[in-house]
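All ligand and atom numbering here is 1-based and tracks the order in the structure. Just so it is clear, the structure is predicted and the values come from calculations on it, not from any experiment.
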Amino acid sequence: MKLLGEHLLDEEHVMIRETARRFAETEIKPNAMQWEEAGSYPRELHRIAADTGLLGVGFPEELGGAGGGALHLVMCVEGLMRGGSTGVTVGLGTHQIALPPLLHIGSREQQQRFIPAVLRGEKLAALAVTEPGAGSDVAGTRTRARRDGDHYVVEGEKLYISGGTRADELMTLVRTGDDPHGGLTFLLIPRASEGVQVSAPLRKTGWWASDTAEIRFDQVRVPVERRIGPEGAAFLALMRNFQMERISLAAYGVATAAIALEEAMRWSRERRAFGRPLTGFQVTRHRIADMATTVESARVFTLTVAAALDRGEYRVREVSMAKNIAARAAVEVTHEAVQLFGGLGYMRETLVERLSRDARLLPIGGGTEEIMKEIIARELDLRGASR
Ligand SMILES: Cc1cc2nc3c(=O)[nH]c(=O)nc-3n(C[C@H](O)[C@H](O)[C@H](O)COP(=O)(O)OP(=O)(O)OC[C@H]3O[C@@H](n4cnc5c(N)ncnc54)[C@H](O)[C@@H]3O)c2cc1C
């Protein structure tokens, strides 16, 4: 189905989507079921993805990247999701949230030391921000880094870290000062450091092929040269990070809903009940019409916001809206798709069953639906909204 919004794309965007789709159909799709059930995929997949240039999307060419901005990233997600595994797509993309602080506040030397190896698929990187007591409220970060000569000594705990069980480098938010926001700093901590204790992958509702970890830092000594930017610079870097993370999560939502819609249409034409295909019932046709309307609206909005970001516009309000619209679209459309599949939609063998579980994270991860609304309200300058 040709969806609205293609006019926002140039040849390069389309090429990235096609490359990602080809990679997904040959490398992910045939294995998706097995990797999802195993809760993991081969690390080697990062090297194969790197060879196609997909890991480098959004990173400068001089650091081994492929260049491009938000729309390139959205197209990359759209293509990769055709593999049928949100977990693998997320796993291949953890560096997209882990490395940007290096780009924004890291030194040239740090960028060259750490970024190219990840974009070649040789090393994996994860972002460690959330803590047991601090999710939405980043200013509540408790993991402490105490200066001791030319090292920091890190003590604390991180939770729900995507890729955390096998990432080589952990972009870790730590507290170096008491100011709620101004006391936050990024340290790039090797997972192999003494005192880093990583849990077994956490058992989740969806995103099975992506590992999610709890990580404890017990008196971990980190050389000062692994501090990214000056002390206290992390909060602003993280806010910049969030814009790209949220528009890419919107892309996950759009792709999830679009695939669920296609599956539902195929099935509704095939499946017969009471002597006719499901599409023979008006209730089915209307349900699918609503699903298609939701998908198209979410996609056009997401692509429009991504294009505005690429023009350098300030679109914090619209990024938050896009994330909410697309996350809702994914939850609603997958719910309807499962309903159309009947009992089969509740079986692990169907893609809609997996997508419906995967979709549930979208209104939670990367800033919850409620936090997005707080941001929208603040950007609308509503009295008291930011308090
Ligand atoms: C599968 C998975 C992968 C993840 N990957 C990563 C990762 O790679 N790195 C990382 O750092 N984190 C990661 N996270 C963490 C994720 O970003 C957080 O779960 C999310 O930000 C919400 O934080 P929380 O879970 O602590 O919920 P809380 O902040 O405790 O929120 C609980 C509820 O309270 C609501 N709430 C909180 N504050 C307000 C408010 N001011 N107004 C109204 N309602 C409010 C929330 O909206 C939510 O409904 C991941 C989480 C999951 C589940």
#### Entry: Location of contacts on K204 toward ligand 1, heavy atoms closer than 4.0 Å
side chain
### Query
Is T94 touching ligand 1 with its side chain, its backbone, both, or neither, if touching means heavy atoms under 4.0 Å apart?
neither
#### Entry: From E370, E374, K373, E369 - option closest to atom 44 (N) of ligand 1 by heavy atom
E370
### Message
Looking only at the side chains, is there a donor atom on one of R285 and Q282 sitting less than 3.5 Å from an acceptor on the other?
### Response
no
### Query
Of G367, A126, G135, S136, which has the heavy atom at the shortest distance from atom 28 (P) of ligand 1?
S136
### Query
So, does G366 sit close enough to ligand 1 that a heavy atom of it is under 4.0 Å from the ligand?
yes
### Task
Give the intermediate values and the outcome of salt bridge (Lys or Arg N to Asp or Glu O under 4.0 Å) for residues E44 and R47.
CA-CA 5 Å; E44 177 61 16; R47 274 184 202 268; 3.8 Å; yes
### Query
Which of parallel (below 30°), tilted (30 to 60°) and perpendicular (above 60°) describes F274 and F281?
perpendicular
### Task
Considering only protein heavy atoms, determine whether one is less than 4.0 Å from atom 30 (O) of ligand 1.
no
### Task
For atom 41 (N) of ligand 1, find the nearest protein heavy atom and state the residue, atom name and distance (0.1 Å precision).
I371 CD1, 4.0 Å
### Query
Hey, what do you get for CE (M15) to CD (E12), rounding to the nearest 0.5 Å?
6.0 Å
### Message
Check for me whether R357 meets the cation-pi criterion with W208, that is, NZ or CZ under 6.0 Å from the six-membered ring centre and within 45 degrees of the ring axis.
### Response
yes
### Query
Any protein heavy atom sitting closer than 4.0 Å to atom 50 (C) of ligand 1?
yes
### Task
Flag the pair E262 and R82 as a salt bridge only when some basic side-chain nitrogen lies within less than 4.0 angstrom of an acidic carboxylate oxygen.
yes
### Query
Would E379 and Y314 count as a side-chain hydrogen bond (donor to acceptor under 3.5 Å, both in side chains) if you check the C-alpha gap in whole Å, the side-chain angles of each, and the deciding distance to 0.1 Å?
CA-CA 11 Å; E379 293 291 313; Y314 177 84; 3.0 Å; yes
### Query
Quick one: does NZ or CZ of R166 land under 6.0 Å from the six-membered ring centre of Y41, within 45 degrees of the ring axis?
yes
#### Entry: atom 34 (O) of ligand 1 touched by protein (heavy atom, under 4.0 Å)
no
#### Entry: atom 12 (N) of ligand 1 protein-contacted (non-hydrogen atom, under 4.0 angstrom)
yes
### Query
For G121 and A50, which heavy atoms make the closest approach, and how far apart are they?
N-CB, 3.8 Å
### Query
So which protein heavy atom does atom 20 (C) of ligand 1 come closest to, and at what separation?
I364 O, 3.5 Å
### Task
Considering only non-hydrogen protein atoms, determine which one is nearest to atom 19 (O) of ligand 1 and report residue, atom name and distance to 0.1 Å.
Y160 CD1, 3.9 Å
### Query
Which is closest to atom 5 (N) of ligand 1 by heavy-atom distance: A134, S162, A98?
S162
### Query
Who's closest to atom 15 (C) of ligand 1 heavy-atom-wise, of T130, L127, D211?
T130
### Query
Going by the order shown, which atoms of ligand 1 are within less than 4.0 Å of some heavy atom of T368?
22 (C), 46 (C), 47 (O)
#### Entry: Within the 6.0 Å centroid threshold, strictly below: F59 and H72
no
### Query
Which residue supplies the protein heavy atom nearest to atom 52 (C) of ligand 1, what is that atom called, and how far is it?
L361 CD2, 3.8 Å
